[in-house]
Amino acid sequence: MFLSKAELDAERFVGAEVFANLSEARQQALIDMAYNLGGEGLGKFKLLRQRIQEGNFNRAALAIERSDYTKQNAKRAKRNKELMKRGTF
């Protein structure tokens, strides 16, 4: 299976095992963020990573909402926040 750079960056961000256990919608939110921010930019979301690894998706969504990313990409960030929170499309 071929993974894009954004998919690899998203997987590395939370760890392969955690990523594999996320819903497809949550994976897609991280992939989209990795595509837009790059792996290095996504890596700066330390609180987001922590909340995902804890399985606390409401707080993970808040970490997205309260970030500069939301100010810069409001529509896209809102979509990713909702995907992270709900876990469904």
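Atom set for the values below is all heavy atoms of this structure, side chains included, hydrogens, waters and symmetry mates excluded.
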Margin query: Given 3.5 Å as the limit, does a donor-acceptor pair link the side chain of Thr70 with the main chain of Lys78, or not?
Written below: no

Check: To the nearest 0.5 Å, what is the distance between CG (Asn80) and CZ (Arg26)?
Finding: 13.0 Å

Next item on the list: Would you indicate whether Arg66, at its atom CZ, is surrounded by more than 12 heavy atoms from other residues, nucleotides or ligands within a distance under 6.0 Å?
Entry: no

Note to self: Let me confirm one number: the CE-CZ distance from Met84 to Arg79, rounded to the nearest 0.5 Å.
What the structure shows: 11.5 Å

Checklist line | Residues that Phe19 engages under side chain to side chain contact (heavy atoms under 4.5 Å, CB included), provided they are two or more places apart | finding: Ala10, Glu11, Val14, Leu22, Gln27, Leu30, Ile31

Next item on the list: Quick one: pull up CD in Glu65 and NZ in Lys85 and give me the separation to the nearest 0.5 Å.
Entry: 8.0 Å

Item checked: Whether Asn56 side chain and Arg59 backbone form a donor-acceptor pair below 3.5 Å -> yes

Check: Are any of the side-chain nitrogens in Arg51 or Glu54 under 4.0 Å away from the carboxylate oxygens of its partner?
Finding: yes

Next item on the list: Would you indicate whether Phe57, at its atom CZ, is surrounded by more than 12 heavy atoms from other residues, nucleotides or ligands within a distance under 6.0 Å?
Entry: yes

Next item on the list: State, with a plain yes or no, whether a side-chain heavy atom of Phe45 is found less than 4.5 Å away from one of Met33.
Entry: yes

Next item on the list: Compare all side-chain heavy atoms of Leu37 with those of Lys44 and state whether any distance is below 4.5 angstrom.
Entry: no

Check: What are the two closest non-hydrogen atoms of Gly87 and Ser23, and how far apart are they?
Finding: O-OG, 2.9 Å

Check: In terms of hydrophobic clustering (I, L, V, M, F, W, Y; side-chain heavy atoms under 4.5 Å; direct or indirect links), are Leu48 and Tyr69 co-clustered?
Finding: yes

Item checked: Spacing of Lys81 atom NZ and Asn58 atom CG [to the nearest 0.5 Å] -> 10.5 Å

Note to self: I need the Gln50 CD to Ile52 CD1 distance, nearest 0.5 Å.
What the structure shows: 11.0 Å

Next item on the list: Grab the two heavy atoms, one from Ala34 and one from Ala6, that are nearest each other, plus how far apart they are.
Entry: CB-O, 3.4 Å

Margin query: Treating Asn36 as the side-chain partner and Asp32 as the backbone partner, does any N or O pair qualify as donor plus acceptor under 3.5 Å?
Written below: yes

